[in-house]
Amino acid sequence: MIKLKFILTPVALLLAFQVYADETLHSDVVVVGAGAGGTVAAVSAVENGLKTVLLEKNGYTGGAGNFMEGSFAVESPLQKAKGIKLTPIEAFNNMAQYHHWRINAPLLKKFVDKSGETIQWVDDHGVHWKEVKTAWRDKPEMTWHIYPKAGSLPAAMTKIFKEKGGTLLTSTPAQKLIVKDGKVVGVEAVNVKKEKVTVYAPNVILATGGYNFDEKMVKDLTGIDMVPVGAPGRTGDGIKMAMAVGAVGDNMGPMMMNGAFMPAAGEAICNGPNKELRAMFRQGLLYVDGVGNRFFNEELTIDWPQASNAIARTGEYTYIVFDENTKKEFSTKGKGYPNPCGNFIQRHQAATQLDDLLKANEKLGNVFIGNTIEEAAKKAGMDPEVLKKTAANMTKFAKQGKDEQFGKDPYYLRAIDQGPFYIVRGKINALTSLNGVKVNEGLQVLDKHDRPIPGLYAIGHDAGGVYGDSYDLKVGEGTASSFAINSGRMAVEDIVAKNKAAN
């Protein structure tokens, strides 16, 4: 046997083994996550003279902030101009009551108090608000401040941050916190080339957006199968890193369930090609389970956090049922949709594509059409007699103007007696997880003894204590985005105050 002998030259060694160039950075602050909260925190830090590094796992900034429609605030300039009288203490107590006081009260109060000022801060940074409004028909206290367009805030913050000398590293996911002598002193990350990036900083702000896209984590904490929508990458990275150094969860499990929507890949809420059909799930129409039974008061579909709790009790799919007359009504100028769907479908906007969308989605198995209600029920796999009775009851309620079962507002009562009949299936959607790790009112992360973990902050959905069991639309329309940006500012203010006290 002939033995071959190979000698590797230095050049051959370079070709045979990939060479890694690790990088080490030093800063005053490192922000993990470049969504709405993270970019606001980063801008706040550089404007306070702090050398700042901003890490983002995706190849772009914005995260869930790229989907934001509006933000909550009290006593903003826009509200004052409209003569809206809601005060911060009234808003706080109403929100606390909604959440049954299962909240971090000092944190929530500080956030509410700051919210009006932050509206002006955002405007001063070039993101000019479109209006202040409410999704409710009869609510005088408008608190929902609408952005000029989705994604405008993180885009502006990213630009300002770079212009002011901040260091932005995209495609660089953080992997673990660096701890020395009981203090968090930095973050270890890895870049797109798989090179290690170490950022040493006495202050770390976690802003990774919660755990909506960790489906196992969601199922373990909630017991519910739901479709995650919105910005990808929110897999609990910040929460997991914080817990690895002693943090504890604060009422984790509640999700921002967004109601049911017809499945449509890549679409969130009502802002895609199927928006006119998906918006039907927000119109107070008859909802039934997989058998054909009605199960809640559908006027709550406009209050989607509460509606979601009812929908989540059904099986994998939930279904809406309507007839030809309702389809024509919603497609008629001057009538249109009874309810808005986000800012994408307006109240009384007339549908123009319902016929085409119903036919297209029938082929995809999301829509079931029958000349009789029994035919539609059979196609959907329901009990025809059960659905027939349910539809007959709804028709009776609509004609008499009184819902004898659940007391639905007559505004939403629609008869189901004119064929063809339509059944559309939907699945529960989740926009984000709500609570994260326990923090104090300065957004410092706490351990199991309620003591701050030195050097570690969590903001937005990485922080807990803002929600009870459901998202709040009654008072706090836009709380999620608002808390993200306000908590980013609040964390930096805490850092600046501690630096001043130390000097």
Given Glu477 and Tyr471, is the side chain to side chain contact (heavy atoms under 4.5 Å, CB included) satisfied, shown in steps? CA-CA 9 Å; Glu477 290 175 270; Tyr471 189 67; over 6 Å; no
Set out, in order, the CA-CA distance, both residues' side-chain angles and the distance that settles side chain to side chain contact (heavy atoms under 4.5 Å, CB included) for Leu277 and Val367, then state yes or no. CA-CA 10 Å; Leu277 186 49; Val367 175; 4.1 Å; yes
In sequence, state the C-alpha distance, the side-chain angles, and the governing distance for Thr208 and Asp462, and then conclude on side chain to side chain donor-acceptor pair (under 3.5 Å). CA-CA 6 Å; Thr208 64; Asp462 284 353; 2.8 Å; yes
Verdict with supporting geometry, Ile453 and Val184, side chain to side chain contact (heavy atoms under 4.5 Å, CB included): CA-CA 7 Å; Ile453 298 173; Val184 173; 3.9 Å; yes
Do Ser481 and Ser71 pass the side chain to side chain donor-acceptor pair (under 3.5 Å) test, and can you show the C-alpha distance, the side-chain angles, and the key distance before you say yes or no? CA-CA 6 Å; Ser481 62; Ser71 289; 2.7 Å; yes
Stepwise side chain to side chain donor-acceptor pair (under 3.5 Å) test for Asn309 and Ser470: CA-CA 8 Å; Asn309 291 331; Ser470 304; 3.0 Å; yes
Show your reasoning for whether side chain to side chain contact (heavy atoms under 4.5 Å, CB included) applies to Leu206 and Leu456. CA-CA 8 Å; Leu206 300 173; Leu456 186 60; 3.8 Å; yes
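At distances below 3.5 Å, at least one donor-acceptor pair connects side-chain atoms of Glu56 with backbone N or O atoms of Asn58. When atom types are taken as modelled, the side chain of Ser115 and the backbone of Val74 share a donor-acceptor pair closer than 3.5 angstrom. Ser308 places no side-chain N or O within 3.5 Å of a backbone atom of Gln306 that could act as its donor or acceptor partner. No side-chain donor-acceptor contact under 3.5 Å links Asn366 to the backbone of Asn361. Remark: side-chain polar atoms of Asn94 are paired, donor with acceptor, to backbone N or O of Glu90 under 3.5 angstrom. Remark: the backbone N or O of Lys427 is paired with a side-chain donor or acceptor of Asn429 at under 3.5 angstrom. The main-chain N or O of Leu50 is never found under 3.5 Å from a side-chain atom of Asn48 such that the two would form a donor-acceptor pair. With hydrogens and angles disregarded, no donor-acceptor distance shorter than 3.5 Å links the side chain of Tyr412 to the backbone of Thr301. Between the side chain of Lys240 and the backbone N or O of Thr235, at least one donor-acceptor pair lies under 3.5 Å. Formation of a donor-acceptor pair under 3.5 Å by the Asn66 side chain with backbone atoms of Ala150 is not found in this model.
Taking 4.5 Å as the limit, some side-chain heavy atom of Val122 sits within range of a side-chain heavy atom of Leu153. With contacts defined as side-chain heavy-atom distances shorter than 4.5 Å, the pair Tyr337/Arg282 does not qualify. Within the 4.5 Å cutoff, no side-chain heavy atoms of Val229 are placed close to those of Asn258. No side-chain heavy atom of Arg278 sits less than 4.5 Å from a side-chain heavy atom of Val424. Contact check for Thr61 versus Leu168: side-chain heavy atoms found under the 4.5 Å cut-off. Taking 4.5 Å as the limit, every side-chain heavy atom of Met280 sits out of range of all side-chain heavy atoms of Met262. Using a 4.5 Å heavy-atom threshold, the side chains of Ser76 and Trp129 count as separate. Counting heavy atoms from C-beta outward, Pro263 and Val227 have side chains that stay 4.5 Å or more apart.
With a 6.0 Å radius and a threshold of 12 heavy atoms from other residues, nucleotides or ligands, Glu188 has its CD atom above the threshold. Heavy-atom neighbours of Glu117 CD from other residues, nucleotides or ligands within 6.0 Å: above the threshold of 12. Within 6.0 Å of NZ on Lys133 lie more than 12 heavy atoms contributed by other residues, nucleotides or ligands. With a 6.0 Å radius and a threshold of 12 heavy atoms from other residues, nucleotides or ligands, Arg347 has its CZ atom above the threshold.
Within the model, atoms CE of Met256 and OG of Ser433 stand 9.0 Å from one another, a figure rounded to the nearest 0.5 Å. With rounding to the nearest 0.5 Å, the separation of CG in Leu108 from CG in Asn93 is 9.5 Å. We find the CE-CG distance between Met68 and Asn343 to be 12.5 Å, quoted to the nearest 0.5 Å. Note that CG of Asn293 is 8.5 Å distant from CG of Asp383, once rounded to the nearest 0.5 Å. From Leu358, atom CG reaches atom CD of Glu276 across 10.0 Å, with rounding to the nearest 0.5 Å. Here Ile269 contributes atom CD1 and Phe261 contributes atom CZ; the two are 6.5 Å apart, rounded to the nearest 0.5 Å.
Nearest heavy atoms, Val46 versus Gly166: CG1-CA, 4.2 Å. Nearest heavy-atom pair, Ala174 versus Val32, reported as atom, atom and distance to 0.1 Å: CB-CG1, 3.6 Å. Considering all non-hydrogen atoms of both residues, Gly436 and Ile239 come closest at CA-CD1, 3.9 Å. Between Lys139 and Lys474, the shortest heavy-atom contact is NZ-O, 3.2 Å. Contact between Asp250 and Val437 at its shortest, heavy atoms only, is CB-C, 4.1 Å. Closest approach of Ser27 and Val199 over heavy atoms only: OG-CG1, 3.8 Å.
For the pair Asp469 and Arg102, the salt-bridge criterion is not met [side-chain N within less than 4.0 Å of a carboxylate O]. Taking 4.0 Å as the cut-off between side-chain N and carboxylate O, Glu441 and Lys109 do not count as a salt-bridged pair. A salt bridge between Glu163 and Lys159 is present, with a side-chain N of the basic residue lying under 4.0 Å from a carboxylate O of the acidic one. Classification of Glu267 and Lys275 as a salt-bridged pair fails, no side-chain N sitting under 4.0 Å from a carboxylate O. Under the 4.0 Å criterion applied to side-chain N and carboxylate O atoms, Asp214 and Arg234 are not assigned as salt-bridge partners. Using a 4.0 Å cut-off between charged side-chain N and carboxylate O, Glu23 and Lys196 make no salt bridge.
A ring-centre distance under 6.0 Å is not found for Tyr467 and Trp101. Aromatic rings from Tyr287 and Phe296 are positioned such that their centres are separated by under 6.0 Å. The six-membered or imidazole ring of Trp144 lies away from that of Phe72, with a centre-to-centre distance of 6.0 Å or more.
Side-chain atoms of Thr118 and Asn486 form a donor-acceptor pair, as typed in the model, at a separation below 3.5 Å. Between the side chains of Tyr457 and Asn203, not a single donor N or O lies within less than 3.5 Å of an accepting N or O. No donor-acceptor contact under 3.5 angstrom links the side chains of Thr198 and Thr24, judged on distance only. Between His145 and Glu69, the side chains place no donor N or O within less than 3.5 Å of an acceptor N or O (distance only, hydrogens not considered).
Tyr317 carries Arg425 over the face of its six-membered ring, with the cationic atom under 6.0 Å from the centre and within 45° of the normal.
Between His26 and Tyr200, the ring planes lie parallel to each other; the angle is under 30°, not in the 30° to 60° tilted range. Using cut-offs of 30° and 60° on the angle between ring planes, the pair Phe483 and Phe111 is perpendicular.
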